[in-house]
There are 2 protein chains.
Amino acid sequence: MSGAAYAIGDLARQTGTKVETIRWYERDGIMPAPVRTAGGHRVYTQAHLDRLAFIRHARELGFPLEDVRELLRLADKPERPCAEADAIARVHLEAVRSRIARLQALEAELVRMVAACGHGRVAECRVIEVLADQSHAHCLHDGHGGTGL
Amino acid sequence: MSGAAYAIGDLARQTGTKVETIRWYERDGIMPAPVRTAGGHRVYTQAHLDRLAFIRHARELGFPLEDVRELLRLADKPERPCAEADAIARVHLEAVRSRIARLQALEAELVRMVAACGHGRVAECRVIEVLADQSHAHCLHDGHGGTGL
DNA sequence: CTTGAACCTATAGTGACTATAGGTGCCATC
DNA sequence: GATGGCACCTATAGTCACTATAGGTTCAAG
């Protein structure tokens with residue numbers, strides 16, 4: 001119960017990470033250096049496994065490592081006064097929601113395309129319009145309506 | 001109507017892209033080379049603007065450029081028989097849905113944290129458990145339940 | 001006609017890995 | 001207890017998708 005021990009390859013398999021990447025995370029500092037065997041092999045704990053799984057998921061979702069570091073600091077110190085943690089959480093929340101919205105727009109268009117494909121042709125593909133749409137971009141105003149990708 | 005013309009800086013401003021990145025996209029081939037002025041300055045059309053906006057959104061959503069290229073080919077040839085386009089669309093659809101699901105889990109947890117922050121402390125932060133959760137990972141079975149970062 | 005912001009090319013640097021080379025440890029099997 | 005071979009080690013170089021810098025040219029506003 002106290003001591004699940006993993007080799008680097010176990011961690012790699014369980015999280016779908018390359019062994020090299022795990023070692024790189026250690027050099028980077030985002031993963032703590034584990035204990036070593038006499039021969040120098042790394043020996044990981046359950047905590048390492050959890051942390052690595054978290055990092056990988058966050059990266060897959062597109063958070064830069066720097067943000068992941070921040071989220072980890074947040075998780076590391078649950079007794080910290082709220083101001084900063086709240087700010088971090090809020091910023092990420094907004095980013096997450098924006099991503100969800102745009103992914104849902106893309107999802108809808110892909111569904112439409114796959115459905116249209118049932119009829120033998122790609123039909124007019126609007127994937128580009130869906131994502132090129134300025135509604136989520138910074139500036140812009142007019143909305144011209146053209147198709148020509 | 002036929003001829004909106006943009007300098008590279010206009011495209012950059014309108015899409016939130018760095019000028020260097022646009023030139024890089026051209027060298028890369030994902031953006032077609034525009035007409036030049038006598039002095040060598042690039043002159044873009046509305047089509048360029050749309051395509052760039054699409055590329056940027058797709059990249060923000062985490063698609064590698066190679067996938068973006070594929071989606072663009074899909075959009076470029078709407079008369080193409082369906083098999084390949086359908087396959088591409090389906091694969092991306094699955095990827096998109098998986099992303100949405102995980103982002104929503106993260107969103108829920110961030111909401112919970114921000115709410116808890118109202119009471120002065122970060123409370124138990126479960127951001128890590130939420131994302132470290134193996135439910136979306138490749139292999140794995142047991143689910144131990146520990147918290148340790 | 002000047003001035004300076006915006007453009008040009010070319011090259012080097014960054015973040016986050018990924019691959020390769022060359023060597024060592026571990027342990028199951030003989 | 002020797003040994004075969006796979007997993008591990010370090011170090012370095014390469015990749016992708018940019019981003020920054022240096023050093024020079026163009027163009028449009030005044």
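Protein chains get the first letters and strands the later ones, always in sequence-line order, with residue 1 at the start of each.
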Original post:
CD of E26(B) versus P of dC7(C): gap in Å, rounded?
Top reply: 14 Å
Subject >> Pairs flagged by ring pair (Phe, Tyr, Trp, His ring centres under 6.0 Å) wherever residues 5-37 of chain B is involved - sequence neighbours left out >> reply: none
Subject >> Distance in angstrom units between I22(B) CD1 and dT19(D) P, rounded >> reply: 11 Å
Original post:
Can you name the side chain to side chain donor-acceptor pair (under 3.5 Å) partners of T21(A), sequence neighbours left out?
Top reply: none
**OP:** Keeping the roles fixed (side chain from H48(A), backbone from T45(A)), state whether a donor-acceptor pair exists under 3.5 Å.
**Re:** yes
Original post:
Backbone N or O of A47(B) within a donor-acceptor pair of the D50(B) side chain at under 3.5 Å?
Top reply: no
Original post:
What distance separates L52(A) CG from T15(A) OG1, expressed to the nearest 0.5 Å?
Top reply: 4.0 Å
Original post:
To the nearest angstrom, how far is M31(B) atom CE from dC18(D) atom P?
Top reply: 13 Å
Original post:
Any side-chain heavy atom of R97(B) within less than 4.5 Å of one from E94(B)?
Top reply: no
Original post:
How does protein contact run along nucleotides 22-30 of chain D, one letter per nucleotide 5' to 3', with B for base contact, S for sugar-phosphate only, - for none, heavy atoms under 4.0 Å?
Top reply: ----SS---
Subject >> From dC17(C), dA19(C), dT19(D), nucleotide with atom closest to K18(A) side chain >> reply: dA19(C)
Original post:
Taking OP1 and OP2 of dC8(C), is either one under 4.0 Å from a side-chain nitrogen or oxygen of R42(B)?
Top reply: yes
**OP:** Report yes if the side chains of T37(B) and V43(B) come closer than 4.5 Å at any heavy-atom pair, otherwise no.
**Re:** yes
**OP:** Would you mind building the protein contact string for nucleotides 12-17 of chain D? One character per nucleotide, 5' to 3', B for base within reach (heavy atoms under 4.0 Å), S for sugar-phosphate only, - for untouched.
**Re:** -----B
Original post:
Between I55(A) (CD1) and dG15(C) (C1'), how many Å, whole number?
Top reply: 15 Å
**OP:** Please determine if a side-chain N or O atom of T21(B) lies less than 4.0 Å away from the OP1 or OP2 oxygen of dC18(D).
**Re:** no
**OP:** Please list, chain by chain and in numerical order, all residues satisfying salt bridge (charged side-chain N to carboxylate O under 4.0 Å, His left out) with R42(A), sequence neighbours excluded.
**Re:** E26(A)
Subject >> Rounded interatomic separation in angstrom, taking CG from L52(B) and P from dC18(D) >> reply: 10 Å
**OP:** Could you pull out all residues at least two apart from R69(B) that satisfy salt bridge (charged side-chain N to carboxylate O under 4.0 Å, His left out)?
**Re:** D28(B), E66(B)
**OP:** Please report, rounded to the nearest Å, how far the C1' atom of dC8(C) is from the CD atom of E20(B).
**Re:** 11 Å
